Amino acid sequence: SIVRTFSSNAWAVLLLLPITAVFVILSRFSLLHPIQTISECLSLLTSASAIFSFILLCGVILMIGFLNLEYYTVIPAIACSKIALLGQLLHPRQFVNSLVHCIMGIIVAWCCAITIGGRYETLCYTCTQSDGSPQMCLNEFHLILLLAGAFVGFSHSLLGVIYNMNYVSFHTVQQYKYLRFKGSLPLVVKCSATQALYSIRNYIVVYFFLGYIPKAWVCKTLNLHLNRSVTAQPLDSVAGLLDLSLLYHLWISATFQLFTWYITLQLFRIFITEAYSFPVQSSFTEDAHQCISKVLTDKQPMILKFLALQDLALLSQHSPSRRCEVFSLSQPGGHPHNWNAISKECLSLMTDLTQRLVAYHDTVATNGRAKSLSTGSERKTSSETSGMLLQYIALIHVSEDSPLTAPFTPDLDSPFASPALRRLTAPVDCSPWHGTVQSPHIMRRGPKLWSTSTGKRWLMEMTGHYMIQLIRLYQLLTVKNFLAKRVLIMYLFNKLPEASSQALFADSQAHIWALEGLSYLVQASFSEDHFGVVQTTLPSILSCMLVLQEAVDRHFKLPHASSKPIKSTISMGDSSYKTLRFALRATLKTAIYRITATFGDHLKAVQLSAEHRKRLQHFLEYKE
């Protein structure tokens with residue numbers, strides 16, 4: 001993955017030169033003087049400042065490429081509630097990512113300011129006071145461009161979490177890298193321009209209300225002054241922000257910044273997901289760890305496991321020679337190690353998904369029953385707790401001169417006495433002889449084990465303990481009812497409709513490849529497996545697929561599980577994970593049909609349970 005990242009970054013740096021040239025032309029172009037604009041652009045591109053800016057931009061591209069490598073994932077992190085998404089945004093790791101993007105945005109904006117030139121070129125300039133003496137004043141045009149770069153970088157970092165831009169998906173159709181890049185280029189341009197427009201709109205609103213804060217801080221830190229002359233219009237005002245030239249340069253700079261970052265991201269995705277052919281078996285021991293069976297079974301980075309599963313799905317369909325290696329026996333010994341390792345890992349993946357689906361279904365069913373039961377009884381429980389609490393408070397006021405049992409004998413026949421109070425105030429023999437067979441000699445013992453005052457003190461302590469527990473229960477119920485009535489709390493903690501289902505199938509691309517690989521290998525074994533290595537595990541494969549299909553069917557009967565996701569807005573975030581559950585269901589059914597169509601009635605001789613045999617018969621009769 002490091003080599004592929006280096007290659008993608010190298011191509012991003014090479015593409016930076018023509019992208020910068022286009023930005024220079026667009027930022028300085030004039031319809032009235034086109035020839036003069038082109039000559040100025042050519043002279044600017046060969047200047048020392050432009051070369052220095054280009055070196056800085058190359059450093060930014062390399063840093064963005066490093067962040068892509070550090071934060072990418074093949075299994076998206078899906079927040080099941082708003083509070084979970086907020087937790088992701090406030091995570092320390094995400095804070096570092098946002099900070100780095102802000103710094104990179106400032107550097108890109110500074111390079112843009114140098115490139116555009118004119119009133120954006122420097123941070124300070126010499127101005128004249130009212131008395132005619134010169135002083136150094138803050139160039140607000142330069143400052144607003146730098147802050148815009150930081151704001152766009154911060155927005156890009158947050159949107160990366162919201163839209164899962166660090167998620168890397170694998171294309172179903174294999175294409176050359178050049179064709180994939182060429183096909184994605186219009187989307188990159190569109191997303192860059194659109195997102196830059198939204199970011200600059202938000203930035204202008206923020207700068208209008210809070211722009212005086214960075215201005216005052218920069219002036220105080222660098223000992224600069226604000227130009228108070230009549231001709232100098234402050235930019236944190238309506239008149240200052242309605243400058244069309246300023247708005248255009250802010251937008252074109254933000255578009256350039258996002259376009260270079262999106263190009264780096266897209267190249268990283270293309271290179272990191274390029275199909276790789278793993279050897280099925282090796283003649284040398286030192287290369288055994290590179291074999292596909294070892295990569296699948298050993299502890300490896302997830303990207304390697306996904307590439308190995310992708311290669312398994314491809315070789316099972318298109319490579320008869322490599323399939324023969326999977327079916328081959330080891331020498332010496334004659335054991336099908338390759339097939340055993342591959343099939344075991346694929347079955348383990350399917351079993352894991354089945355267990356997750358069953359556990360999720362049980363949890364949803366339990367929560368549903370608990371919710372229906374608790375809806376009608378919350379108020380009743382709260383009132384009962386209040387009544388018990390008041391009764392126990394009344395029991396605390398005890399006179400020291402009263403008999404032992406007098407203060408602890410409430411009117412249990414009263415309609416206000418709760419069942420819990422009757423249980424707690426029931427007479428209990430607390431002597432050490434309670435529950436044992438007593439003889440007459442033991443009963444005639446004279447002295448008692450405790451006095452009346454000791455028993456009173458013990459009962460008061462017990463009563464105080466129960467009262468404290470009831471107070472805590474009452475407080476919890478009160479807090480729960482209070483929070484349940486607050487719209488904001490419910491908005492943050494309520495589960496998102498489809499997020500739980502999407503999170504459950506977040507890694508289903510691996511299961512899809514496992515199903516395709518196993519089913520195609522089983523299909524090919526009908527004519528290519530000369531040693532019968534597949535037949536020994538065919539019952540386990542069929543049983544595992546049928547159990548998984550039953551779990552998937554049960555899941556799709558739940559609310560929101562079968563609803564199609566809403567088409568996402570224009571962004572560079574890959575939303576293909578939202579439809580993985582539908583792809584898995586189709587792949588699973590196709591895999592079972594692939595096996596039944598190949599073996600036909602021969603499957604009747606396979607050892608299966610009665611339930612699985614009945615379900616398999618539906619596939620044989622094409623009734624599923």
Side-chain angles (χ1 to χ4, degrees), residues 1 4 72-78 164 166-174 269 272-278 280 290-318 322 326 338-360 500-522 537 540-541 544-549 551-552 555-556 561 574-592 594-595:
S1 59
R4 294 186 172 195
Y72 87 98
T73 178
V74 292
I75 302 176
I78 302 172
N164 271 308
N166 61 337
Y167 168 61
V168 175
S169 66
F170 292 79
H171 279 220
T172 305
V173 180
Q174 298 298 314
R269 290 174 176 175
I272 204 71
T273 58
E274 184 184 8
Y276 182 80
S277 180
F278 294 86
V280 178
Q290 300 178 0
C291 296
I292 187 172
S293 57
K294 288 292 183 180
V295 175
L296 287 175
T297 55
D298 292 349
K299 189 176 181 180
Q300 300 283 355
M302 289 305 300
I303 184 65
L304 282 181
K305 284 187 175 292
F306 271 61
L307 287 173
L309 287 168
Q310 182 190 42
D311 185 43
L312 174 64
L314 293 176
L315 77 86
S316 64
Q317 300 178 53
H318 308 296
R322 299 179 70 198
V326 174
N338 296 328
W339 167 253
N340 288 343
I342 291 174
S343 61
K344 182 180 178 181
E345 181 63 24
C346 293
L347 292 177
S348 176
L349 285 172
M350 289 188 284
T351 303
D352 177 68
L353 180 59
T354 303
Q355 292 174 352
R356 275 189 290 163
L357 289 171
V358 172
Y360 178 78
S500 298
S501 183
Q502 293 172 5
L504 199 61
F505 292 89
D507 60 342
S508 289
Q509 184 60 67
H511 304 92
I512 291 173
W513 284 328
L515 286 167
E516 289 181 346
L518 269 185
S519 61
Y520 276 111
L521 286 175
V522 171
T537 54
S540 300
I541 294 174
C544 193
M545 288 184 177
L546 292 172
V547 171
L548 178 58
Q549 205 233 358
V552 170
H555 179 80
F556 272 88
D574 195 333
S575 60
S576 60
Y577 64 88
K578 296 181 179 180
T579 58
L580 277 177
R581 61 185 186 275
F582 301 100
L584 176 74
R585 181 176 63 171
T587 302
L588 177 57
K589 186 172 291 187
T590 303
I592 300 176
R594 185 176 294 119
I595 296 175

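What you are looking at is a predicted structure, and each value in this text was computed from that prediction instead of being measured.
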Colleague: For a 4.5 angstrom cut-off between non-hydrogen side-chain atoms, does L584 reach L515?
Modeller: yes
Colleague: Working to the nearest 0.5 Å, report the span between CG of L518 and CG of L349.
Modeller: 9.5 Å
Colleague: If we only count heavy atoms from C-beta on, is the R356 to L504 side-chain gap below 4.5 Å?
Modeller: yes
Colleague: Could I get the full list of side-chain hydrogen bond (donor to acceptor under 3.5 Å, both in side chains) partners for S576, not counting sequence neighbours?
Modeller: D574
Colleague: Report the relative orientation of the aromatic rings in F306 and W513; use parallel for angles under 30°, tilted for 30 to 60°, perpendicular for over 60°.
Modeller: perpendicular
Colleague: Quick one, V74 and Q509 - any side-chain contact, counting heavy atoms below 4.5 Å?
Modeller: no
Colleague: First locate atom CD of E516, then atom OG1 of T590, and finally report the distance between them rounded to the nearest 0.5 Å.
Modeller: 8.5 Å
Colleague: Rounded to the nearest 0.5 Å, how far apart are OG1 of T273 and CZ of R4?
Modeller: 8.0 Å
Colleague: So, taking the atom named CG in N164 and the one named OG1 in T73, what distance separates them when rounded to the nearest 0.5 Å?
Modeller: 8.5 Å
Colleague: Kindly list each side-chain donor-acceptor pair under 3.5 angstrom involving residues 341-348, sequence neighbours excluded, with atom names and distances?
Modeller:
from, atom 1, to, atom 2, distance (Å)
S343, OG, W339, O, 2.7
S343, OG, N340, O, 3.3

Colleague: For residues 302-312, pull every pair meeting salt bridge (charged side-chain N to carboxylate O under 4.0 Å, His left out), keeping only residues two or more places apart or in separate chains.
Modeller: D311-R322
Colleague: With sequence neighbours left out, write down each residue that passes side-chain contact (heavy atoms from CB on, under 4.5 Å) with T351, or none if nothing qualifies.
Modeller: Q355, C544
Colleague: Counting C-beta onward and ignoring hydrogens, is there a side-chain heavy-atom pair between L315 and Y520 closer than 4.5 Å?
Modeller: no
Colleague: List in chain and number order the residues that pass side-chain contact (heavy atoms from CB on, under 4.5 Å) with N338, two or more places apart in sequence or in another chain; answer none if no residue qualifies.
Modeller: V280, Q281, S293, S328
Colleague: Once rounded to the nearest 0.5 Å, what's the spacing between atom CD of Q317 and atom CG of L312?
Modeller: 10.0 Å
Colleague: So, do I303 and V168 sit near enough that their side-chain heavy atoms are less than 4.5 Å apart?
Modeller: no
Colleague: Can you confirm whether Q310 sits close enough to Q174 that some side-chain heavy atom of one is under 4.5 Å from a side-chain heavy atom of the other?
Modeller: yes
Colleague: Does L548 reach the side chain of H511, with side-chain heavy atoms less than 4.5 Å apart?
Modeller: no
Colleague: According to side-chain contact (heavy atoms from CB on, under 4.5 Å), who are the partners of R581, at least two apart in sequence or on a separate chain?
Modeller: E498, S501, Q502, F505, F556
